[in-house]
Amino acid sequence: QVHLVESGGGLVQAGGSLRLSCAASGKIVRIDSTDWYRHLPGKQREAVAAISEGCARTYAYSVMDRFIISRDNAENTVYLQMSDLKPEDTAVYYCHAQGIQYLTRSRGPFDSWGQGTQVTVSS
């Protein structure tokens, strides 16, 4: 099993910044992609940003130019730097990763989610 733990959420005023972290642990061979999603109150889950093993990045239009996703391969950690936060960014943010893990006698894919971290932006 590969476990993901998010951290860095909290309460911030509009215009402020937060940095979320997603740390992966377990018998990891490699992490192919890591995504950040968010679940806004009363709405469906929304993809926010993604980064591949080769550091190709994609962003939702709503966060482009305000959020930056990055990864530290040595630490198996992905970051989401959020700037110029707006009240509409208030949500629970989830980390999701896919890749390859060591099994007992072989290797196999993993698809893991973190527990989520709350981000609240006050106006």
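Both backbone and side-chain heavy atoms feed into the values below; hydrogens, waters and symmetry mates do not.
- Counting only distance, with no hydrogens or angles, the side chain of S112 and the backbone of V2 share a donor-acceptor pair below 3.5 Å.
- Residues V121 and V92 do not share a hydrophobic cluster, defined by chaining ILVMFWY side chains whose heavy atoms lie under 4.5 Å apart.
- Put simply, CZ on R19 and CD1 on I68 are 11.5 Å apart, with the number rounded to the nearest 0.5 Å.
- At least one side-chain heavy atom of E46 sits less than 4.5 Å from a side-chain heavy atom of S62.
- Looking at D32 and R30, a side-chain N of the basic residue comes within less than 4.0 Å of a carboxylate O on the acidic one, giving a salt bridge.
- The nearest pair of heavy atoms linking I31 to A97 is CG2-CB, 4.2 Å.
- One hydrophobic cluster holds both Y93 and I51 under the rule that ILVMFWY side chains link at heavy-atom gaps under 4.5 Å.
- Judged purely by atom type and a 3.5 angstrom limit, Q115 has no side-chain atom pairing as donor or acceptor with the backbone of V5.
- Here the side chains of H96 and D111 are in contact, with some heavy-atom distance below 4.5 Å.
- Between A49 and L80, the shortest heavy-atom contact is CB-CD1, 4.0 Å.
- Separating the CG atom in D35 from the CD atom in Q98 is a distance of 6.5 Å, to the nearest 0.5 Å.
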T34/C95 under side-chain contact (heavy atoms from CB on, under 4.5 Å): CA gap, chis, key distance, verdict: CA-CA 7 Å; T34 305; C95 178; 3.7 Å; yes

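- Side-chain atoms of S83 and F67, non-hydrogen and from C-beta on, never get closer than 4.5 Å to each other.
- Under the 4.5 Å side-chain criterion, counting only non-hydrogen atoms from C-beta, T90 is in contact with Q118.
- Nearest approach of Q1 to Q101, heavy atoms of both residues: N-OE1, 3.3 Å.
- Under the 4.5 Å side-chain heavy-atom criterion for Ile, Leu, Val, Met, Phe, Trp and Tyr, V48 and Y59 are members of the same hydrophobic cluster.
- The nearest pair of heavy atoms linking G16 to V12 is CA-CG2, 3.8 Å.
- Connection of M82 to Y79 is not established within any shared hydrophobic cluster, with ILVMFWY side chains joined at heavy-atom distances below 4.5 Å, either directly or through further cluster members.
- Checking side-chain atoms of R71 against main-chain N and O of S52 turns up a donor-acceptor pair under 3.5 Å.
- For the atom pair C22 SG and E6 CD, the distance stands at 5.5 Å (nearest 0.5 Å).
- When hydrophobic clusters are built by joining Ile, Leu, Val, Met, Phe, Trp and Tyr residues whose side-chain heavy atoms come closer than 4.5 Å, directly or via intermediates, Y37 is not grouped with L4.
- The line from OG of S123 to NZ of K86 is 14.0 Å long, rounded to the nearest 0.5 Å.
- Of all heavy-atom pairs spanning L18 and G8, the tightest one is CD2-O, 3.8 Å.
- Y94 has its side chain out of reach of L20: every pair of non-hydrogen atoms, C-beta onward, lies at least 4.5 Å apart.
- Remark: R57 CZ is packed, more than 12 non-hydrogen atoms of other residues, nucleotides or ligands lying under 6.0 Å away.
- Proximity of Q81 to S17: side-chain heavy atoms (C-beta onward) are separated by under 4.5 Å at one or more points.
- In this structure, the side chains of R38 and V119 stay at 4.5 Å or more apart for every pair of heavy atoms.
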